[in-house]
Amino acid sequence: MLILFLSSCAPRTAQGEAVPVAASTSIQNKGSDTIVNLALRWAEAYQELHPDVRISVTGGGSGTGIAALIDGTVDIANASRSMKKEEIEAARARGIEPVEHVIARDAIAVIVNPGNPVNQLTLEQISLIYQGKINNWREVGGEDRPIVRLSRETNSGTHVYFLEEVIRLGQKDNKALFSRDTLLLPSSEGIITEVRDNPNAIGYDGLGYVTPEVKVLAVAKTADGPYVLPSVETVNSGAYPISRDLYMYTQKGAGPAVQEYLNWLLSPEAQKIVLELGFVPVQP
Amino acid sequence: MENTSQRSEWVINLLIKVSGYSSILFVTLILIFLLREGLPALGVTPLSNLFGDRWYPIESYFGILPLLFGSLVVTLGALLIAIPFGIGTSVFISEIAPPWVNSVVKPLIEILAGLPSVVLGFLGIQVAAPLFREAFNLPTGLSAFTGAVLLALIATPTIVSITEDALNTVPPAYRQAALALGATKWQTIWGVTVPAARSGILTAIMLGIGRSIGETMAVMMVTGNAPVLPHGLNALVMPVRTMTATIASEMGEVANGSPHYQVLFFIGIVLFVISLGINIAASWVSLRSKTRAERVLS
């Protein structure tokens, strides 16, 4: 938070301009709420190494960050999904050529209340639950309770990823949607709070946000199993089915300060922070 | 000397006039902006989609009906709580309570009016929602009802302060006459004082509605934001998504000029029209009662 405050006070330099070494450089970084904590920690660590660089980090969702990149108001957009075709076209129409960088990996944990006896689900069961075709925990081996579906808002990259890879099971021609009565909560914390308090709830969240107060379900690709819990090992081996890359987008021809920062993000030192926050480092 | 004071008077006059007329200017500019950004939605998005029953903008479903009814359900629920509560409180303050109680209650209501709604929303998530879920055995506490309770807390101070003003302007002679005719205190309040302050109370209710339908943050935090078209009375305890929460949570992601952007502004127009209607109704009510009072006096 302090960094946010400090950097917003720092003088801003025009984008893409060559900046003299002595003056402070400012990097605007905005987007995915999944990545925001990681980006803040990175910014903090990087500014300690390079006191002349000011990095300001804000959240708001992947869509928000990408929209800001297209509008040219940020240097780096954080996104927990890759850019859509329309977004790339919109950027090009404004003369911005987006460049994609994979900076970490994330597993989406499917979470329930600790009091819920259900320990594992298949992808198909999760899909049917979120489509509104399974409405009682009894149908998946739990108690006789209604299922309350929780999701992030539609501007969240996690929402879009979950729709495409879980609800639609990764099938391009599948037009299934979230059930209408899915609660759309504005933050990851909101989902954790409701799942912690409500024994009827099912939710999903980036592994980095999951606290010990909720129960993580083991997920299987097919009914034959194996049921796998999300972790660094299972994500990197590909055994856990719901994992994704996390991205930063810049524009082609971004200033040297931005390039240097992005190079540093892939260093072992920066990737150690990834691990500390519960995400999965990118393998070198 | 004479000249300077005249000139300064002229400047002050002008400043006062400018600030007076500026409100007209601002409202007009806002309206023009809303219409310019929002009306194209009618041309771009087919009406059957725009007034459909499904809101899922990332797949181009722009049905605003669930949002409209969501706002109405929450506002209605809030009024069912806030009107009796607010009128009761103001009757208590202006007719019954001893001065020392008033000196405690009135500042407390002012504090309630000044509470940021995000703080109420936070209490709603952490305390009210789990409480209501267990008390009423609901699937989830993030529902229209929780939103209505918070909105009632937000609308009550508005209703109380205006109703209290209205009760205070009822001439003391009315009360004295009623009491002299042998009416009890309760009969005087219910049969004479409150009806005499009717138009002020109606204005209070109208402004309470305006306050509720425009509230965003608290509602967004506790109503669950599920765009479900309500079926029947149990909609009051189910999750809903309001118009204001939709604009607030989606405005940040839309690209300027996209159909989604236009529809969000169209929702803004709908909200503007609703609050305009409420304000017109409120001033019509108070105007009508004023002319009647003039008739009686003449």
Side-chain angles (χ1 to χ4, degrees), chain A residues 30-31 58-68 70-71 84 86-87 89-91 93-94 132 135-137 145-157 159-160 163-164 168 175-187 189-191 193-201, chain B residues 53-61 63 66 70 118 121-122 124-134 137-143 146 216-217 219-231 235 238-241 245-246 248-261:
Chain A
K30 182 174 188 174
T58 37
S62 302
T64 312
I66 291 170
I70 295 171
D71 288 339
K84 294 179 206 157
E86 306 91 73
E87 288 169 336
E89 279 161 17
R94 296 191 179 217
N135 288 302
N136 195 301
W137 282 109
R145 288 177 169 283
I147 297 179
V148 172
R149 298 166 264 271
L150 308 178
S151 164
R152 290 287 313 280
E153 277 282 1
T154 50
N155 59 353
S156 151
H159 178 106
V160 176
L163 175 72
E164 287 170 356
R168 294 177 175 171
K175 287 287 158 219
L177 292 173
F178 277 88
S179 166
R180 286 164 205 237
D181 59 2
T182 306
L183 272 59
L184 300 176
L185 302 186
S187 67
E189 287 80 6
I191 291 179
T193 308
E194 178 67 3
V195 170
R196 183 193 69 199
D197 293 342
N198 190 343
N200 305 322
Chain B
D53 63 353
R54 171 132 220 167
W55 177 263
Y56 195 64
I58 54 176
E59 295 278 324
S60 294
Y61 290 97
V118 66
F122 190 60
I125 282 188
Q126 296 289 345
V127 182
L131 193 76
F132 293 150
R133 189 189 70 243
E134 274 162 32
N137 197 21
L138 301 172
T140 173
L142 299 173
S143 64
T146 313
T216 307
M217 201 59 214
V219 179
M220 183 159 89
M221 290 168 84
V222 301
T223 53
N225 301 322
V228 193
L229 196 61
H231 297 282
M238 300 308 275
V240 293
R241 186 179 184 89
T246 304
S249 57
E250 294 174 11
M251 206 66 220
E253 66 168 308
V254 298
N256 269 8
S258 64
H260 187 190
Y261 172 91

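Below, all heavy atoms of this structure are taken into account, side chains as well, without hydrogens, waters or symmetry copies.
Only the side chain of B:Pro130 comes within contact range of chain A, judged by heavy atoms closer than 4.5 Å. For A:Ile70, no part lies near chain B; criterion is any non-hydrogen pair under 4.5 Å. Contacts of A:Glu194 with chain B are made by side-chain atoms alone, with heavy-atom separations under 4.5 Å and no backbone atom involved. Heavy-atom distances place both the backbone and the side chain of B:Asp53 under 4.5 Å from chain A. A:Leu163 touches chain B through its side chain: at least one heavy atom from C-beta onward sits under 4.5 Å away, while N, CA, C and O do not. There is no contact between B:Pro66 and chain A, counting heavy-atom distances below 4.5 Å. With a 4.5 Å cut-off on non-hydrogen atoms, B:Pro139 touches chain A through its backbone and its side chain both. If you measure heavy-atom distances from A:Thr154 to chain B, the contacts under 4.5 Å come from both the backbone and the side chain.
Between B:Leu142 and A:Leu185, the closest side-chain pair of non-hydrogen atoms falls below 4.5 Å.
Contact between A:Asn200 and B:Leu138 at its shortest, heavy atoms only, is ND2-O, 3.9 Å.
Per-residue heavy-atom pair counts under 4.5 Å with chain B were compared for A:Asn198, A:Leu150, A:Asp197, and the maximum is reached by A:Asn198.
Take B:Glu59 and apply the side-chain hydrogen bond (donor to acceptor under 3.5 Å, both in side chains) test, not counting sequence neighbours, and it matches A:Arg168.
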